[in-house]
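Inspection log for the structure reproduced underneath, given as structure tokens.
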Amino acid sequence: MVRDGWTPLNGFLRIDSALSIAAVTLQSGSESPRLDAELLLARALDVPRSYLFAHSDEEMDVAAAERFQNAIDQRAGGVPLAYITGEKEFWSMVLTVSPATLVPRPDTEILVDRALMKIPKDKAMRVLDLGTGSGAIGLAIARERPLCEVVATDVSEDALAIARLNSRELGIPNIEFIQGSWADPVAGQIFDIIVSNPPYVASGDSALATLQHEPRVALVSGDDGLDDIRVIAAETKNVIVNGGYLLLEHGAMQSGEIAKILSANGWANIMLANDLGGLPRVTISSR
Ligand code: SAM
Ligand code: GLN
């Protein structure tokens with residue numbers, strides 16, 4: 001069944017053929033075209049992904065085909081899968097995301113992992129997550145360390161609305177969200193651990209072409225990508241306990257410059273943690 005002037009995936013309504021055509025359509029726009037097509041079709045049909053394999057010869061109705069076509073068109077246009085589905089898994093939590101939030105990256109789990117190493121399970125520490133976006137880092141720490149009090153900030157009210165929604169939906173009570181620039185909204189407070197995945201892409205970086213659907217304020221930080229890290233290194237001095245830790249995510253080539261910025265601001269014991277590809281992506285320092 002094909003409506004006038006409109007051909008869902010060239011008129012193929014069978015699950016297996018629709019998937020094959022969609023996967024070809026996505027080949028240039030996605031690193032995982034087949035998987036993306038499966039996830040988007042499962043969503044259009046409102047079924048688990050496994051359903052697609054057990055019912056591959058079934059025909060979908062035109063409304064589902066239309067939903068699927070629409071999703072495939074968006075994905076082919078470079079929209080991140082997470083913005084189309086509205087969710088992204090991070091630290092085994094399914095987080096709601098929106099175009100106001102960065103899509104949480106698997107690499108950022110390294111930062112969470114390193115922060116947790118500094119927080120004994122039986123200690124009620126105060127933790128600050130600067131630039132929380134969807135809430136990913138702060139929520140993961142709050143969930144793993146229920147005795148801790150996490151404060152998460154962002155300059156974007158729209159991002160914070162999503163982060164608050166995530167804390168409610170996941171039932172994570174020990175986190176509070178405050179709007180404002182870096183350490184401004186927590187002036188006068190004191191924390192044991194401060195974590196941040198700030199914007200760190202240089203304004204002229206060619207990689208921005210592939211990141212155009214994500215908020216610029218979440219990605220870009222001046223000519224060398226370090227403007228926000230300079231501010232964070234300076235402002236966090238005033239809200240950290242003696243012996244407290246600052247953990248920052250950054251680009252693979254930035255660790256040298258960041259060490260200089262941190263030292264100049266009185267941060268010591270500077271250590272690096274590598275990402276899954278073996279590149280230095282997290283800098284840990286203490287006060
Ligand atoms: N923490 C989230 C994650 O890891 O998925 C989001 C990280 S994203 C790279 C950086 C975040 O910093 C964005 O949510 C952005 O809105 C926020 N941000 C940018 N400038 C800021 C500022 N001056 N003060 C506070 N947050 C800021
Ligand atoms: N890791 C992101 C990327 O894909 C950048 C996020 C950031 O600036 N913190 O390049």
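The residues of the chain are indexed from 1 along the displayed sequence. Counting convention: from 1, in listed order, for ligands and their atoms alike.
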CA sep, side-chain torsions, deciding dist, call: Glu214, Arg105, salt bridge (Lys or Arg N to Asp or Glu O under 4.0 Å): CA-CA 12 Å; Glu214 292 181 277; Arg105 308 287 203 266; 2.9 Å; yes
Are Asn274 and Leu279 close enough that some pair of their side-chain heavy atoms sits under 4.5 Å apart? no
Test item, Gly135 contacting ligand 1 (heavy atom, 4.0 angstrom): no
Tyr83 and Gln74: side-chain donor and acceptor closer than 3.5 Å? no
Give the residue, atom name and distance (to 0.1 Å) of the protein heavy atom nearest atom 5 (O) of ligand 1. Pro104 CA, 3.7 Å
Sub-4.0 Å heavy-atom contact, Ala159 with ligand 1: no
With atoms numbered from 1 as shown, which atoms in ligand 2 lie under 4.0 angstrom from a non-hydrogen atom of Arg105? 2 (C), 3 (C), 4 (O)
Looking only at protein heavy atoms, what sits closest to atom 9 (C) of ligand 1 is Ala218 O, 3.0 Å
Give the residue and atom name of whichever protein heavy atom lies nearest to atom 19 (C) of ligand 1, and the separation in Å to one decimal. Val217 O, 3.1 Å
Using a 3.5 Å cut-off on N or O atoms only, is Val155 in polar contact with ligand 1? yes
Proximity to ligand 1 by part of Val231, non-hydrogen separation under 4.0 Å: neither
Once rounded to the nearest 0.5 Å, what's the spacing between atom CG of Asp36 and atom CG of Leu81? 5.0 Å
Just need the protein heavy atom nearest to atom 24 (N) of ligand 1, so name the residue and atom and give the distance. Trp182 N, 2.9 Å
Assess whether side-chain contact (heavy atoms from CB on, under 4.5 Å) is satisfied between Leu246 and Ile240, documenting all intermediate values. CA-CA 8 Å; Leu246 170 65; Ile240 190 88; 5.6 Å; no
Among Glu169, Glu176, Glu157, find the residue that satisfies the salt bridge (Lys or Arg N to Asp or Glu O under 4.0 Å) test when tested with Arg164. Glu157
I need the nearest protein heavy-atom contact for atom 10 (O) of ligand 2: residue, atom name and distance, please. Leu211 CD1, 4.0 Å
A side-chain contact here means heavy atoms from C-beta on lying under 4.5 Å apart; do Gln189 and Arg126 qualify? yes
Considering only non-hydrogen protein atoms, determine which one is nearest to atom 23 (N) of ligand 1 and report residue, atom name and distance to 0.1 Å. Ser181 OG, 3.0 Å
If hydrophobic clusters are built by linking Ile, Leu, Val, Met, Phe, Trp and Tyr wherever their side-chain heavy atoms come under 4.5 Å apart, do Val150 and Leu139 end up in the same one? yes
Is there side-chain contact between Asn166 and Val97, with heavy atoms separated by less than 4.5 Å? no
Atoms of ligand 2, numbered as shown, that sit under 4.0 Å from any heavy atom of Pro198: 7 (C), 8 (O), 9 (N)
Tell me whether Thr153 reaches ligand 1 (any heavy atom closer than 4.0 angstrom to a ligand atom). no
Using side-chain heavy atoms (C-beta onward) and a distance below 4.5 Å, is Tyr200 in contact with Ser221? no
Is it true that the side chains of Asn70 and Glu66 contain a donor and an acceptor less than 3.5 Å apart? no
Subset of ligand 1 atoms that lie under 4.0 Å from at least one heavy atom of Gly180: 24 (N), 25 (C)
Protein heavy-atom partner closest to atom 2 (C) of ligand 1 - residue, atom, separation in Å: Thr132 O, 3.2 Å
Which atoms of ligand 2 are found less than 4.0 Å from any heavy atom of Pro199? 8 (O)
The atoms of ligand 1 lying under 4.0 Å from a heavy atom of Thr108, numbered in the order shown, are 4 (O)
Any chance you could measure Asp275, atom CG, to Glu249, atom CD, to the nearest 0.5 Å? 9.0 Å
Closest non-hydrogen protein atom to atom 15 (C) of ligand 1, residue and atom name please, with distance? Asp154 OD1, 3.5 Å
Has ligand 1 got any nitrogen or oxygen that is less than 3.5 angstrom from a nitrogen or oxygen of Asn197? yes
May I ask you to identify the nearest protein heavy atom to atom 1 (N) of ligand 1, giving residue, atom name and distance to one decimal place in Å? Gly131 O, 2.8 Å
Atom 1 (N) of ligand 2 sits nearest the protein heavy atom Tyr200 OH, 3.1 Å
Pair Leu39, Ile84 - check side-chain contact (heavy atoms from CB on, under 4.5 Å), show working. CA-CA 10 Å; Leu39 292 168; Ile84 305 172; over 6 Å; no
